[in-house]
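Working notes, beginning with the structure itself.
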Amino acid sequence: MNLPESFHPLQAQLLGAAEKFATNAQPLGELLAALVADVDKATSEPLEIFPVCHHSPASALQMVRRLQHHPPRVIYLEMCEDLLPIVENLRDCKFPVALQAFATESVTFSPQDMPLSVVAPITEASAEYQAIAFALEHPGTELVFVDRAVDYVFQWEERPQERLEEEVTDEAKMHGTAIGLEIGGLTPSFDVFLQFLLKNSQTRHFAEWWEQYVEQAIINTDYHTYRQVMFLIGSLLRRLGTRQQEIATDRLRERYMWTRIKQHLQGRGIQPEEAIYICGAAHAASDVPEFGVGNSTVWEIPNLSQTTWMYGLIPSSFAAIEYQFSHPPGTVAMAEASWKKNLKAANLKPFSLGEQKKTQKPKNTNHTPQNPATATILTSFLTRPPEQVAADTEQLLQWCADIVGLARKNGYLASTADSIAIYQTSLLLAGMRNRLHPTPYDFQDAAITCLEKDRTPKKRNIFQLCQILLGGDRVGLVGYASLPPLAQNVYDRLAPLNVNLQGQTNQRALMDFKREPQLLPCSDVLWRLYYLLGSHIVQPIMGERRLGFKPIQESWEIRIGKYQRQLIMLGYEGVTLEQVIEQRLQKTAFDSQGTAKTALQTAEDSILYLHSPRLTSKLGEHAISLLVRETGATDAPEIFTIIRRLVHYYRTTPTGLPTWIENFVTIGYRHYTTLLPKAFSDRGTKPEQIAGMLNFIFTLESLALSLGCDRAQLLISVKQAASEQPDPAKLGLLWTTEWLLGLRTIPQMREFFHHVLRNEMLIRTLPDYLNGFLLSLGFAPRINRFVVELLAQLFGSVPDHTLLPWLPNLILRLRPHREILQNLIKEAANTYPQQLQGFANWVPVWEKENIPEVKTPSQTSLTSFTEGEIKARQLIFKYKAGTNAIAQRLLWSITQLLNIENIQWQELETKSTGENNFSRNYSISATEMQIQNLLKTHPDTMESLLGLLTNS
């Protein structure tokens with residue numbers, strides 16, 4: 001490999017080291033020579049290349065020095081070129097924040113990958129932020145992003161695999177599922193190399209290795225040494241620490257960046273010496289043909305996809321950056337602390353986007369730094385012993401004292417002795433790891449060793465307290481001027497609440513609409529946010545949103561400042577909350593997988609949150625069209641619940657029922673009536689679904705009939721359903737329907753269950769039968785007395801050895817009917833005596849009514865009786881014992897069945913207590929009718945009997 005003569009001494013030293021330590025010196029020698037060649041290639045490039053590492057304090061510090069002493073005319077930055085227009089909005093932000101590109105739909109990429117999102121987090125202690133701030137504050141310097149557009153991120157790179165579920169904080173999830181763009185990312189992706197590196201350096205993470213062996217070595221070096229060392233490390237990690245798949249993607253990016261740089265230099269007529277190119281150290285010495293401005297080779301950039309991208313800023317946090325790029329917790333916070341410490345030591349003032357009263361004139365604008373002999377600087381740096389860095393004993397002592405204080409506040413039993421132990425343990429760990437002075441990682445390990453217990457007293461353990469002590473987490477905030485229009489609109493409309501919407505803590509809003517009716521629009525905004533984003537960003541503590549309800553007071557927890565990203569993401573969907581809700585409602589209702597239930601629910605939601613009759617009518621008409629296409633009753637219960645609420649609501653409005661509601665009721669009545677026979681016979685249709693259909697039919701029947709429906713269709717469907725024996729679980733629903741239509745009577749059902757209760761084989765199906773009757777209580781509440789009777793006979797007549805085995809099944813069947821059971825319990829309470837003494841002479845109501853029906857006129861006048869009949873009736877009521885004996889003799893089977901002697905005399909006596917009562921009209925019982933029939937059928941016998949009784 002041909003190298004300049006200045007590199008020959010360095011090459012000889014490297015080859016000598018290879019021969020001394022390596023078993024095969026040739027491959028290692030070739031590698032070391034290639035590394036030196038990469039350094040020479042990057043250093044010799046006319047366009048000054050500034051290598052950086054992601055969130056490196058040394059890179060940021062060297063960037064400040066470089067820009068202050070030698071301001072360039074153009075800054076080329078390794079960043080997606082289509083993100084450049086939004087950097088101006090960084091002026092109004094509290095860092096860290098992230099540049100974001102977002103796409104909700106695409107014809108190119110798979111729908112399973114939607115939505116597409118890319119974030120590029122930025123902190124103040126990063127070289128890229130210092131370059132951006134300098135360019136924005138100095139109009140004489142142009143900022144150009146030269147990396148591939150975000151569209152190519154998804155064209156060229158595979159989407160990273162989803163991580164396993166981890167317990168992370170909300171701050172760590174602030175980037176969501178977005179792909180992170182890391183400027184100057186140097187973390188090795190080749191696991192074998194990474195493990196070898198960490199093992200031999202006695203470190204646990206690459207960030208710890210970088211801090212110990214690179215960051216501290218170059219942070220205080222001169223600019224040229226910094227560049228050459230970074231070129232060397234970048235070349236090493238590119239050749240040994242990167243997987244081949246990522247190298248291929250990096251080559252595409254490098255071809256893209258050098259093509260954009262050449263196009264811009266040529267188009268603006270700028271000399272390479274007037275510009276600076278900021279890129280990751282691994283990209284500095286590329287082997288692509290487009291490398292360097294000395295050749296005219298450019299790459300034909302492929303076309304973009306037909307994806308519409310939206311751009312903006314979202315808040316970020318140190319925890320989110322660490323989680324995004326798999327850094328250990330606390331890495332960014334410690335880098336921030338190191339950045340501030342070295343700025344103070346170097347007496348440097350960083351660039352910022354805050355307001356400045358006067359723009360400083362750049363120094364030495366026409367002076368370009370000259371590169372001294374590369375080999376001399378790099379050889380000197382690699383061969384001299386490391387500088388003895390003064391130990392920051394004062395800082396370590398302060399950490400040891402502060403961590404004990406934090407531990408005591410969080411419930412740990414710690415004292416001054418623990419501070420001393422932590423200090424001594426830190427020194428011990430540093431010595432064991434071949435370090436001159438303890439690092440923050442040594443301090444963390446020492447604190448955990450000395451203070452951590454088996455149980456954490458409160459919420460935070462020692463590791464978390466160390467993170468707080470060393471810098472903690474920081475959450476960024478996007479300023480009002482940089483927010484999308486929707487977020488700004490929300491801030492403006494919530495301004496009357498007088499709460500701090502930018503605050504990171506929970507804000508409580510109390511609204512009394514009687515005293516302050518002007519706050520009602522704020523309530524509407526909060527409810528719309530709650531509908532769109534759930535309880536994460538706003539949460540109602542007191543108050544509700546339902547049809548026809550007028551709120552009096554409301555209380556809300558507002559966390560917009562803490563979870564600002566979610567509000568910003570809404571800004572990609574529309575300009576106002578109302579527009580976003582309308583788009584979502586229509587998308588849900590008109591989805592290819594949409595159903596009548598979802599469309600009807602969107603119609604109700606449009607009333608609650610939009611107050612748009614046009615949209616509501618549109619969604620309602622679509623729900624009707626979907627209902628007609630349905631061939632089953634899967635969503636019948638939910639549809640009935642929603643339409644009942646809508647009917648009740650519109651009946652309270654001045655305009656009454658709209659046309660689409662009337663159409664839905666009439667069409668739904670006919671539709672479900674037609675489906676009844678199939679639903680009863682189909683085993684795939686659940687009883688709950690049939691109950692929903694019958695609830696719709698009978699509850700809304702009066703309205704449907706008034707709108708032109710015909711009940712004859714229902715009668716035909718029910719008779720058709722009864723022609724086939726349904727499942728036991730559906731029989732109760734069918735019989736209740738027939739009972740309501742007059743096609744079945746209670747005695748007929750009573751007789752069937754009387755037989756079931758005495759059959760040990762059939763009694764096992766009783767919970768299924770009972771479940772159908774319980775479901776029918778929703779549309780036939782009068783059937784509850786029969787259900788109570790059935791349960792009473794069940795527990796009163798079935799023996800325990802039969803009842804107990806299937807009693808759990810009965811309980812499980814009753815559990816889903818909690819609301820219905822309330823009415824059933826109320827009916828049972830009205831049926832049974834209120835006190836225990838009342839059960840002595842108590843007779844159930846159903847036993848009093850257990851009499852065969854006789855088809856005779858319900859009202860009969862006693863004035864039509866003959867004088868003999870009247871005298872016979874007087875004798876019957878006067879001599880009850882004799883009458884009972886005669887009745888038992890003549891009508892043994894009837895009296896035995898009806899139990900006349902126990903339940904009829906009291907009723908008859910109350911109706912015949914005087915001579916004058918005979919002239920009144922009253923209902924004649926079945927017993928009286930039997931006696932009348934005997935008197936009329938056998939008049940001679942009764943006259944003889946009357947004579948005998950009279951003579952006696």
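Predicted model only: the values in this text are computed from it and were never measured.
Using a distance-only test at 3.5 Å, with no hydrogens or angles considered, no donor-acceptor pair links the side chain of Ser316 to the main chain of Val97. Listed for the Gln130 side chain is a donor-acceptor partner under 3.5 Å among the backbone atoms of Glu124. Using a distance-only test at 3.5 Å, with no hydrogens or angles considered, a donor-acceptor pair links the side chain of Gln68 to the main chain of Lys349. When atom types are taken as modelled, the side chain of Glu452 and the backbone of Ile462 share a donor-acceptor pair closer than 3.5 angstrom. Between the side chain of Gln424 and the backbone N or O of Ala421 there is no donor-acceptor pair closer than 3.5 Å. Judged purely by atom type and a 3.5 angstrom limit, Glu128 has no side-chain atom pairing as donor or acceptor with the backbone of Ile122. In this structure, His70 contributes its side chain and Arg66 its backbone to no donor-acceptor pair below 3.5 Å. A side-chain donor-acceptor contact under 3.5 Å links Asp442 to the backbone of Thr439. Panel note: side chain Lys453, backbone Leu413; no donor-acceptor pair is recorded below 3.5 Å. Side-chain atoms of Arg227 come within 3.5 Å of backbone N or O of Ile49 as a donor-acceptor pair.
Between Val118 and Phe102, the closest side-chain pair of non-hydrogen atoms is not below 4.5 Å. The shortest distance between side-chain heavy atoms of Val153 and Arg148 falls below 4.5 Å. Using a 4.5 Å heavy-atom cutoff, the side chains of Leu61 and Leu343 are in contact. Proximity of Pro329 to Phe463: side-chain heavy atoms (C-beta onward) are separated by under 4.5 Å at one or more points. Side-chain contact between Ile276 and Tyr76 is absent, with no heavy atoms from C-beta onward closer than 4.5 Å.
Taking every heavy atom of both residues into account, Val52 and Met230 meet most closely at C-CE, 3.7 Å. Considering every non-hydrogen atom in both Tyr129 and Leu353, the closest pair reads OH-N, 3.3 Å. Residues Ala407 and Ala414 share a closest heavy-atom pair of CB-CB, 4.4 Å. The heavy-atom pair separating Gln564 from Leu483 by the smallest distance is NE2-CD2, 3.6 Å. Closest heavy-atom contact between Ile403 and Ala447: CG1-CB, 4.3 Å.
Of the N and O atoms on the side chains of Ser56 and Glu215, at least one donor lies less than 3.5 Å from an acceptor on the other residue. Side-chain atoms of Thr505 and Gln507 include a donor-acceptor pair closer than 3.5 Å. A donor-acceptor contact closer than 3.5 angstrom is absent between the side chains of Glu336 and Thr123. Looking only at atom types and distance, the side chain of Tyr480 has no donor-acceptor partner in the side chain of Asp92 under 3.5 Å away.
A salt bridge links Arg238 with Glu254: at least one charged nitrogen is closer than 4.0 Å to a carboxylate oxygen. The pair Asp445-Arg433 meets the salt-bridge criterion, with a side-chain N (NZ, NE, NH1 or NH2) lying under 4.0 Å from an Asp/Glu carboxylate O. Under the 4.0 Å criterion applied to side-chain N and carboxylate O atoms, Arg91 and Glu137 are assigned as salt-bridge partners. Checked for salt-bridge contact, Glu208 and Arg435 meet the test: a charged N lies under 4.0 Å from a carboxylate O.
The CE atom of Met334 sits 6.0 Å away from atom CG of Leu470, with the distance rounded to the nearest 0.5 Å. A distance of 11.5 Å separates CG of Leu477 from CG of Leu313, quoted to the nearest 0.5 Å. A distance of 9.5 Å separates CG of Leu567 from CG of Leu501, quoted to the nearest 0.5 Å. Taking CG of Leu465 as the start and CG of Asn410 as the end, the distance is 4.5 Å to the nearest 0.5 Å. Summarising the geometry, atom NE2 belonging to His55 is positioned 4.0 Å from atom CD1 belonging to Ile321; distances are rounded to the nearest 0.5 Å.
Counting only residues at least two apart or on different chains, the ring-ring contact (aromatic ring centres under 6.0 Å, His included) pairs with a member in residues 397-420 are Trp399-Phe443.
Ring orientation note: the planes of Tyr226 and Phe50 are tilted relative to one another, at an angle of 30° to 60°. Relative orientation of the Phe325 and His327 rings is tilted, given thresholds of 30° and 60° on the angle between their planes. Ring geometry, His536 versus Tyr563: the interplanar angle falls from 30° to 60°, so the pair is classed tilted.
Summarising the local packing, CZ of Arg408 is surrounded by 12 or fewer heavy atoms from other residues, nucleotides or ligands at distances under 6.0 Å.
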Inset, instruction - Show your reasoning for whether side-chain hydrogen bond (donor to acceptor under 3.5 Å, both in side chains) applies to Gln228 and Thr43. - result: CA-CA 7 Å; Gln228 294 161 19; Thr43 308; 5.1 Å; no

